[in-house]
Amino acid sequence: MGVRLVEVAEITNSSGTVRIAAHVIAKIAGRIALSVPGVIGMDSDLSDTISQAIGMECTNGVHVSVNEAGASINLYILVKHGVRIPDLALTVQHKVKEEVHKETNVPVETVNIYVQGIIFDNEKAGDNVGR
């Protein structure tokens with residue numbers, strides 16, 4: 001039996017039902033990731049292509065899939081040169097998982113980090129994205 005992907009997270013309580021679109025969760029997750037010092041930007045080019053191929057909702061370098069158990073979030077980030085990437089990734093995972101759940105009440109199953117590039121001090125996030 002496979003997991004059924006849906007486009008919205010649904011929360012039902014005694015007052016009714018709340019539906020939160022996957023793209024809303026993606027925007028929240030992206031904002032939170034960008035708030036972590038060392039994350040310079042999001043890489044949307046490759047991530048948009050992957051999202052279309054596998055049927056996930058994507059918003060500027062953030063992929064979200066939702067099923068009955070909660071949300072799975074993939075973040076495609078650009079990092080500042082000189083940061084310790086494993087520590088940065090763990091911080092982003094923890095913060096995104098905690099804050100998305102806090103803001104939406106949607107359980108977050110996984111937060112996967114894909115470091116797509118490194119940005120040096122003399123570059124901008126849109127320049128050559130470290131590839």
Side-chain angles (χ1 to χ4, degrees):
M1 181 166 108
V3 174
R4 185 175 68 92
L5 295 178
V6 294
E7 293 183 21
V8 296
E10 191 170 289
I11 303 159
T12 303
N13 58 38
S14 61
S15 299
T17 301
V18 176
R19 291 180 180 88
I20 302 171
H23 70 88
V24 172
I25 295 170
K27 285 187 179 199
I28 293 168
R31 177 183 49 78
I32 294 164
L34 287 170
S35 74
V36 175
V39 176
I40 299 298
M42 307 302 285
D43 184 15
S44 60
D45 294 338
L46 178 63
S47 63
D48 287 350
T49 303
I50 294 168
S51 286
Q52 290 173 356
I54 61 177
M56 293 178 83
E57 185 69 39
C58 184
T59 303
N60 295 324
V62 182
H63 299 223
V64 174
S65 63
V66 179
N67 61 46
E68 292 85 359
S72 292
I73 301 169
N74 295 335
L75 299 166
Y76 294 79
I77 65 173
L78 305 173
V79 301
K80 180 179 180 176
H81 176 259
V83 301
R84 184 162 157 71
I85 294 173
D87 294 342
L88 175 67
L90 286 172
T91 300
V92 171
Q93 285 175 315
H94 174 73
K95 193 167 183 182
V96 168
K97 186 172 186 170
E98 183 178 285
E99 292 296 318
V100 166
H101 185 263
K102 182 177 163 183
E103 290 186 32
T104 64
N105 205 34
V106 173
V108 177
E109 290 187 292
T110 59
V111 177
N112 301 305
I113 307 295
Y114 298 89
V115 178
Q116 297 299 104
I118 189 165
I119 306 300
F120 294 89
D121 289 334
N122 60 346
E123 291 180 309
K124 296 178 193 165
D127 296 343
N128 194 5
V129 295
R131 291 187 198 153

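Here the structure is a predicted model, which means the values were calculated and not measured. Below, all heavy atoms of this structure are taken into account, side chains as well, without hydrogens, waters or symmetry copies.
The minimum heavy-atom distance between Pro107 and Ala69, with the atom names listed, is CB-O, 3.7 Å. What you find for Ala89 and Ile113 is that their closest heavy atoms are O-CG1, 3.9 Å. Scanning all heavy atoms of the two residues, the minimum distance from Ala71 to Val64 falls at CB-CG1, 4.4 Å. Here the closest non-hydrogen pair linking Gly70 and Glu109 is O-OE1, 4.1 Å. Taking both residues in full, the closest heavy atoms of Ala22 and Val66 are given as CB-CG2, 4.2 Å, listed atom of the first, atom of the second, then distance. Between Ala9 and Val106, the shortest heavy-atom contact is CB-CG2, 3.5 Å.
Without hydrogens or angle criteria, Gln93 side chain to Val111 main chain gives a donor-acceptor distance under 3.5 Å.
Between His63 and Tyr76, the ring planes are tilted. Angles from 30° to 60° get that label.
With contacts defined as side-chain heavy-atom distances shorter than 4.5 Å, the pair Thr17/Ile11 does not qualify. Inter-residue side-chain proximity for Val62 and Met42 is flagged as met; some heavy-atom pair is nearer than 4.5 Å. Contact annotation: the side chain of His81 never approaches that of Ile119 to less than 4.5 Å [non-hydrogen atoms, C-beta and beyond]. Taking the side chain as every heavy atom from C-beta outward, Arg31 and Glu103 approach each other to under 4.5 Å. At a threshold of 4.5 Å between non-hydrogen side-chain atoms, the residues His101 and Asn105 count as touching. The shortest distance between side-chain heavy atoms of Val8 and Ile20 does not fall below 4.5 Å. Put simply, the side chain of Val83 reaches to within 4.5 Å of the side chain of Lys80, judged on heavy atoms.
Tested against Gln116, the residues Ile77, Leu75, Val79, Leu78 include a single side chain to side chain contact (heavy atoms under 4.5 Å, CB included) partner, Leu78.
Donor-acceptor pairing under 3.5 Å is lacking for the side chains of Thr110 and Lys97.
Between Ser35 atom OG and Glu99 atom CD the span is 8.0 Å, to the nearest 0.5 Å. Distance check: His23 NE2 to Ile28 CD1 gives 10.5 Å after rounding to the nearest 0.5 Å.
Under the 4.5 Å side-chain heavy-atom criterion for grouping Ile, Leu, Val, Met, Phe, Trp and Tyr, Ile73 is not connected to Leu90 through any hydrophobic cluster.
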